[in-house]
> 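Questions regarding the structure given below will be posed in turn.
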Amino acid sequence: MSTFDESDAFEAAASVPLSRRAMAARPAPYLDDLNPAQRQAVEALDGPVLMLAGAGTGKTKALTARIVHLLATGRARPNEILAVTFTNKAAREMKLRVGRNLGEAVEGMPWMGTFHSICVKMLRRHAELVGLKSNFTILDTDDQIRLLKQLVLAANIDEKRWPARMLAGLIDHWKNRAWTPAKVPAAEASAFNNRGTELYEQYQERLKTLNAVDFGDLLLHMVTIFQAHPDILEQYQRWLRYILVDEYQDTNVAQYLWLRLLAQGHRNICCVGDDDQSIYGWRGAEVGNILRFEKDFPGARVVRLEQNYRSTPHILAAASGVIAANAGRLGKTLWTERETGEKVRLIGHWDGEEEARWIGEEIEALQRGTRGFDPVSLDDQAILVRASHQMRAFEDRFLTIGLPYRVIGGPRFYERQEIRDAMAYFRLAVSPADDLAFERVVNTPKRGLGDKAVQSIQLAARGAGANLIDGARELLAQGGIGGKGAGQLRAFVDGVDRWHAATLAGANHIELAETILEESGYTEMWQNDKTPEAPGRLENLKELIKALEQFENLQGFLEHVALIMDNESEDVAEKVSIMTLHAAKGLEFPVVFLPGWEDGLFPSQRAMDETGLKGLEEERRLAYVGITRAERLCTISFAANRRVYGQWQSQLPSRFIDELPEDHVEVLTPPGLYGGGYGAAAQPFGGSRIEERATRADVYNSPGWKRMQDNAATRPVAQPRESRNQVIDLQAVSAFTEGDRVFHQKFGYGTIVGIEGDKLDVAFDKAGVKKLVARFVVPADRADEIPF
DNA sequence: TGGCGAAAGCTTTTT
DNA sequence: GCTTTCGCCA
């Protein structure tokens with residue numbers, strides 16, 4: 001875990017360890033081992049630069065060399081460089097490498113960090129301009145949803161039909177586009193039962209009262225401030241003479257605006273990215289940002305890094321073959337000086353279990369050093385899947401054969417229930433007025449203070465115009481709460497007061513944290529818990545306490561933890577890595593397995609249904625990212641049968657397999673087996689495979705694609721109107737027969753394909769076949785009468 | 001108030 | 001198929 005410190009960001013340059021002159025005299029060994037393109041990107045210091053860095057072309061190296069160069073030539077002082085990344089990991093890596101190149105630790109580079117951490121730093125200085133105090137708290141997704149749930153309920157909206165989760169997604173989407181409630185376009189007004197913008201506005205109000213922001217606000221508020229206060233913007237523009245942005249293809253509109261505003265001063269902005277690796281469109285990233293760079297910054301220099309240092313020619317050729325099917329690329333041609341090496345291997349299996357079994361054996365074989373390779377450590381082998389549920393098959397298999405593995409990117413440490421609970425206690429100790437924290441733990445462990453008690457507290461608080469803890473005091477004073485609950489509530493309030501006093505008195509925060517967890521009965525709660533995960537949770541709590549050591553006090557810990565706490569345990573034992581393709585971006589492994597290349601799974605049906613061609617192209621980029629992670633050996637596989645949500649389905653090999661260039665692929669599947677396809681006779685399923693290859697030029701000719709287009713044709717779905725007061729007789733199963741057209745609130749229109757007991761099997765036009773209870777659907781012609 | 005059974009959901013994920 | 005969420009009942 002790293003820290004970022006806000007202290008020295010605005011200090012005079014005098015405090016900066018390296019003076020301009022001292023650095024100007026320094027030799028520049030970091031330039032010597034750059035290739036010509038990298039060197040060009042590093043030395044083009046003035047004006048806008050777009051560094052198009054293909055996979056494995058030494059992007060981070062060039063980026064850090066550029067920073068070192070800026071410092072060494074005296075062009076900029078450390079605190080005049082804004083260097084932004086998306087993840088803390090990337091920021092840490094950059095800091096480390098700049099430090100190594102300078103031969104000393106990087107100090108005084110306050111503007112190197114993630115978009116979010118830099119915005120926090122800025123926002124704390126200007127909080128009052130958006131109605132906040134500088135000690136605002138940062139809510140995570142969980143807090144956000146609980147807050148929204150309250151608002152949805154208060155607005156008398158059926159939370160069943162309009163879940164808070166959906167609203168959270170919507171608001172997030174709007175914030176990613178830098179839309180304040182007032183700026184949400186009219187076209188979106190119908191969102192969330194026509195009340196989306198209204199609730200968005202209320203939510204922002206609530207946040208202000210709570211002196212809190214969510215992640216999206218960090219960017220949004222800064223953009224708002226910059227737009228409304230040119231003087232402040234100008235100050236930053238003057239300060240930040242050089243701007244560097246990593247993974248530019250992943251920026252959303254808000255981040256883009258923020259950068260553009262800041263860059264307007266000196267126009268020294270260098271964006272690094274790869275349009276072919278844009279895989280975060282679904283969370284608001286705009287590939288358009290990178291495609292448009294030259295228009296946004298006229299006179300921009302575009303440097304292409306195309307020499308790949310990672311993969312063998314066969315692997316690169318396979319990746320290039322796949323990505324070539326995408327339209328609207330900026331275009332790069334990766335090349336390498338490496339030896340030819342192995343072809344990409346392609347293998348089909350009967351089902352997912354067999355696939356896992358085969359990969360397990362293959363990994364062990366490689367580890368032993370057969371297969372014509374030197375032994376490959378497990379650390380050097382990875383399995384990259386499209387969706388996390390695919391991991392299970394591998395975990396099961398590896399547990400049986402005792403093959404050590406690690407899952408990258410599982411649930412994060414700070415998202416775990418026990419960690420969040422403990423943090424809520426700490427938050428209360430630091431500021432008892434934190435209502436969200438109060439609500440979270442007032443009845444954890446169980447104190448007999450359930451919904452009803454909380455409601456009375458809220459009522460009392462609202463009556464007194466106070467926060468919940470004072471509301472609780474009020475309630476106790478009035479005797480508005482029963483005997484047993486009263487005693488418990490009194491004890492809870494007293495506890496919070498005591499801990500708060502200890503915080504103010506400057507008590508040792510580590511001991512205090514332990515005391516809090518003891519006195520509140522929280523530790524005890526898990527000690528008494530008999531479920532198998534309880535010991536692990538206690539373990540996590542211990543780890544949390546340990547993490548406190550790196551901070552001076554609870555407050556400092558809490559301020560940073562929302563943004564930077566990650567879950568990197570340094571393992572000593574050799575292990576295979578299992579992760580999603582998304583999590584694999586930026587990583588590399590000598591040996592990579594890419595299982596589950598089946599239409600519908602990869603490319604994901606949902607991606608194609610929801611965003612059509614755009615979605616398909618993003619999936620293809622994901623395939624490209626996957627293949628390019630491999631250094632020496634890349635194995636793609638698919639299964640003929642797979643259990644999807646408990647149901648067996650026969651699968652078609654991914655259309656991306658058709659796009660792999662034949663000359664660079666070795667087909668391991670015996671001909672005629674499981675549609676090993678690809679030149680081999682593909683009988684068991686899809687005898688059409690061969691014809692398909694004949695028309696391969698048209699990559700959108702596969703069954704899935706056709707399916708998608710059919711779906712698009714039947715897209716319009718009537719928005720059912722609210723009819724909560726209407727009495728509608730519930731449909732009995734007997735009211736339906738096979739072949740009937742029906743409507744379901746969530747899944748839209750469909751056709752009944754089977755009736756089983758009181759359940760209907762409905763083939764929905766868009767959502768596939770579902771089994772559901774009859775009363776959840778109505779005949780299609782009565783779609784607007786759906787009763788809930 | 002909290003426990004239990006039924007019902008519905010289920011890509012990707014950082015901060 | 002497995003997990004989470006909700007509503008009802010004791």
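Sequence lines set the chain letters: A, B, ... in the order given, protein chains first and strands last, and positions in each chain run from 1.
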> Would you indicate which nucleotide in dT12(B), dG2(B), dT15(B) comes nearest to any side-chain atom of T141(A)?
dT15(B)
> How far, in whole Å, is dT3(C) from dT14(B) if one measures between their C1' atoms?
24 Å
> Touch check for A453(A), heavy atoms < 4.0 angstrom, all strands: base, sugar-phosphate only, or nothing?
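Sugar-phosphate only.
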> Assess, by modelled atom type and distance only, whether the side chains of N176(A) and N252(A) contain a donor and an acceptor separated by less than 3.5 Å.
yes
> For chain A and DNA chain C, what are the first and last nucleotides along the strand, 5' to 3', with at least one atom under 4.0 angstrom from a heavy atom of the protein chain?
dG1(C) to dG7(C)
> Whole angstrom is fine here: how far is it from CG in L587(A) over to C1' in dT13(B)?
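It is 15 Å, rounded to the nearest whole Å.
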> Choosing from dT13(B), dG2(B), dT15(B), which nucleotide comes nearest the side chain of H116(A)?
dT15(B)
> When you look at Q647(A) and Q649(A), which way does the side-chain hydrogen bond (donor to acceptor under 3.5 Å, both in side chains) test go after all the steps?
CA-CA 6 Å; Q647(A) 298 220 302; Q649(A) 275 186 7; over 6 Å; no
> Check whether any side-chain N or O of E355(A) sits under 3.5 Å from a backbone N or O of P595(A) as a donor-acceptor pair, and report yes or no.
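Flag not set: sc E355(A) to bb P595(A) has no pair under 3.5 Å.
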> I want to check one thing: is the phosphate of dT12(B), taken as OP1 and OP2, less than 4.0 Å away from some side-chain N or O of S604(A)?
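For dT12(B), neither OP1 nor OP2 has a side-chain N or O of S604(A) closer than 4.0 Å.
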> Whether R621(A) engages the ring of Y624(A) as a cation-pi pair (distance to the six-membered ring centre under 6.0 angstrom, angle to the ring normal within 45°) should be assessed.
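R621(A) over Y624(A) ring: no.
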> Looking at dT12(B), I'd like to know if its phosphate oxygens (OP1 or OP2) sit under 4.0 Å from a side-chain N or O belonging to S388(A).
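True: S388(A) side-chain N/O within range (under 4.0 Å) of dT12(B) OP1/OP2.
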> Judged by each residue's nearest nucleotide on DNA chain B, which is more toward the 5′ side, A583(A) or V454(A)?
V454(A)
> Verify whether the ring centers belonging to W597(A) and F602(A) lie closer than 6.0 Å.
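When the ring centroids of W597(A) and F602(A) are compared, they turn out to be within the sub-6.0 Å range.
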> CG of L384(A) versus P of dT13(B): gap in Å, rounded?
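These atoms are roughly 12 Å apart.
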> In this structure, how many angstroms lie between the C1' atom of dG9(B) and the CE atom of M166(A), rounded?
13 Å
> Hey, which of these two, Y280(A) or G448(A), hits DNA chain B nearer its 5' end, going by closest nucleotide?
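Going by which nucleotide is closer to the 5' end, it is G448(A).
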> Figure out the CG/C1' separation between L622(A) and dT13(B), and round it to whole Å.
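After rounding, the gap between these two atoms is 12 Å.
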> Do N289(A) and Y248(A) touch side chain to side chain, with heavy atoms closer than 4.5 Å?
yes
> Centroid distance below 5.5 Å plus an interplanar angle below 30 degrees: do Y645(A) and dC10(B) meet both conditions?
yes
> Over all strands shown, is Q255(A) touching base, sugar-phosphate only, or nothing at heavy-atom distances under 4.0 angstrom?
nothing
> Below 4.0 angstrom from OP1 or OP2 of dT14(B), is there any side-chain N or O of N88(A)?
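The answer is no; no side-chain N or O of N88(A) sits under 4.0 Å from OP1 or OP2.
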> Is there aromatic stacking of W282(A) on dT12(B) here, judged by a ring-centre distance under 5.5 Å and a plane angle under 30°?
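According to the criterion (under 5.5 Å, under 30°), yes, W282(A) stacks.
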> How close or far is atom C1' of dT15(B) from atom CD of Q144(A), stated in whole angstroms?
11 Å
> What is the distance from CG of L489(A) to P of dT1(B), rounded to the nearest Å?
12 Å
> Please state how far atom CG in L218(A) lies from atom C1' in dT15(B), giving the value in whole angstrom units.
8 Å
> Within the pair N252(A) and dT14(B), is there a side-chain N or O less than 4.0 Å away from OP1 or OP2?
no
> Rounded off to whole Å, could you give me the CG-to-P distance for the D143(A) and dT15(B) pair?
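Going from D143(A) (CG) to dT15(B) (P), I get 17 Å.
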> Without hydrogens or angle criteria, can the side chains of D214(A) and Y203(A) be said to hold a donor-acceptor pair below 3.5 Å?
yes
> Regarding D172(A), tell me which of base, sugar-phosphate or nothing describes its non-hydrogen contacts under 4.0 Å with the strands shown.
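Nothing, no nucleic acid heavy atom in range.
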> Are any non-hydrogen side-chain atoms of L139(A) and R146(A) less than 4.5 angstrom apart?
no
> Pairing check on dT13(B): which nucleotide meets the Watson-Crick or G-U wobble criteria with it, both distances under 3.5 Å?
none
